[in-house]
Every structure is written in structure tokens, then in C-alpha cells.
Amino acid sequence: MDDRIRRNMPLFSMSIVGELTGLTARQIRYYEEHQLVQPERSKGNRRLFSFNDVEKLLEIKALLDKGVNLAGIQHVLQMKENEASVEVAETQTPETDYKKPDLSDDELRKLLKQGLFSAGKHGKTSIIQGELSRFFH
DNA sequence: TTTCTCACA
DNA sequence: TGTGAGTA
């Protein structure tokens, strides 16, 4: 029917995804443990990733480079899911349907305002200081 | 051969 | 996170 189905078709093995994302199998499995990606299982319990999963992993990788830790990324992903739901619920305009989920400063701001810090009540924040300073002008 | 889980330097 | 063990 539409791209959504294709984008969620489990097609890639660990090795493929590893090459595509530059992440190690260990890392990918670790991110899965933390609900950052939900690859399908097939055959002998082998992970099968979809285009969406690969895209998510690339995003995670990018965020990691920006200095956002796993906790922060979880919130980013969660927020994106919310936005996606709203989009689908509101209208089905082809232009806004499958836009690239690039993380902009604006989105980060939204995250921070949503109380992203609540996850860092263990003594430190969810996002590293360097990244935070950009929003404390 | 590849991937999986579990455990540990 | 990396790596090795023992499977499937």
C-alpha cells in the first residue's frame, strides 16, 4: 500500500545494519535493550531491522556525537513518536507525511521545556553540560 | 558462518 | 563497551 509498510519491513541482519550505521553489534543490541529500537525477530531469534530501525540508529549515532546520552535520546525518540502520531491524526497531507525527522535546535528546545531533566534526578542531567549551555542564554 | 545470550577483565 | 564461551 504505502511507504509506511515498506519502511517497517524487517529486512536487514545485524551485519548489514552494522555496516549501514557504523555501529557494532554490541551497541545495536544495547540500544535495543534500552528501547531505542524495536527490531523484529525471525528465524532462530535473529534480529531483523527495517528501514525505520536503520534510520533511528543513524539518528542515535548522530545524537551520540552531539553529546546526548542514552537517556536523552530516549526522550528525543519518544517525542518524535508523539509528533508522528499527531501528524497522522491531524491531516494526511503528502507533503508532511514522511518528512525527514531531523533533530533541530527547535526540537531540542521543546524537549527541554517538556521537563527532559526529570530523568536526571540521580545527580546529573540527561544531557551533557556542553549541549545544555546552548539553551541557557 | 553468523547471530544470540550471558557473563566478566 | 569489548570480548569470549557455547548454542542454534
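Being a predicted model, the structure only gives us computed values, none of them experimental. In what follows, chains carry the letters A, B, and so on, assigned in the order in which the sequence lines appear, proteins first and then strands, with residues in each chain numbered from 1.
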Discussion item. When you compare the side chain of A/Tyr30 with that of A/Leu70, does any pair of heavy atoms fall below 4.5 Å?
Written reply: yes
Worksheet item: Within the pair A/Thr24 and C/dG2, is there a side-chain N or O less than 4.0 Å away from OP1 or OP2?
Response: yes
Worksheet item: So what is the 5' to 3' dot-bracket string for DNA chain B, if pairs are Watson-Crick or G-U wobble with both distances under 3.5 Å, crossing pairs use [ ] and | means the partner sits on another strand?
Response: .|.|||||.
Which atom pairs link the protein and nucleotides 3-7 of chain C when you take only N or O atoms and keep those under 3.5 Å?
unit_1	atom_1	unit_2	atom_2	d
C/dT3	O4	A/Arg26	NE	3.4

Worksheet item: Do A/Glu55 and A/Arg7 come close enough that some side-chain heavy atom pair is under 4.5 Å?
Response: yes
Worksheet entry | Rounded interatomic separation in angstrom, taking CG from A/Leu48 and C1' from B/dT2 | 13 Å
Discussion item. Are A/Ile60 and A/Tyr31 packed together at the side-chain level, in the sense that at least one heavy-atom pair is separated by less than 4.5 angstrom?
Written reply: yes
Worksheet item: If we only count heavy atoms from C-beta on, is the A/Phe51 to A/Leu11 side-chain gap below 4.5 Å?
Response: yes
Discussion item. Taking only side-chain N and O atoms of A/Ser13, does any of them lie within less than 4.0 angstrom of OP1 or OP2 on B/dT2?
Written reply: no
Worksheet item: How close or far is atom P of B/dT2 from atom CD1 of A/Ile16, stated in whole angstroms?
Response: 11 Å
Worksheet entry | Whole-Å gap separating P (B/dT2) and CZ (A/Phe12) | 19 Å
Worksheet item: In whole angstroms, how far is the C1' atom of B/dT2 from the CZ atom of A/Phe49?
Response: 13 Å
Discussion item. Tell me which pairs pass salt bridge (charged side-chain N to carboxylate O under 4.0 Å, His left out) where either residue lies in residues 22-36 of chain A, with sequence neighbours left out.
Written reply: A/Glu32-A/Arg41, A/Glu32-A/Arg47
Worksheet item: Taking atom CD1 of A/Ile5 and atom OG of A/Ser50, what is their separation to the nearest 0.5 Å?
Response: 12.5 Å
Practice prompt. Tell me whether the OP1 or OP2 atom of B/dT5 has a side-chain N or O from A/Asn45 closer than 4.0 Å.
Written response: yes
Item to complete: Whole angstrom is fine here: how far is it from OH in A/Tyr30 over to P in C/dG2?
Response: 12 Å
Worksheet, complete the sentence: Separation of C/dT1 atom P from A/Lys61 atom NZ, nearest Å, is 12 Å
Fill in: Exercise: identify the closest heavy-atom pair between A/Asp53 and A/Val37
O-CG1, 4.1 Å
Item to complete: Could you pull out the closest heavy-atom pair between A/Leu58 and A/Thr21, with the gap in Å?
Response: CD2-CA, 3.8 Å
Practice prompt. Carefully, step by step, assess A/Ile28 and A/Met14 under the rule side chain to side chain contact (heavy atoms under 4.5 Å, CB included).
Written response: CA-CA 8 Å; A/Ile28 297 172; A/Met14 262 299 327; 3.6 Å; yes
Worksheet item: Taking CD from A/Glu32 and C1' from C/dT1, how many angstroms apart are they, rounded to a whole number?
Response: 16 Å
Worksheet item: To the side chain of A/Arg29, which of B/dT2, B/dC4, C/dT1 is closest?
Response: B/dC4
Worksheet item: B/dT5 C1' sits how many Å from A/Met14 CE, rounded?
Response: 14 Å
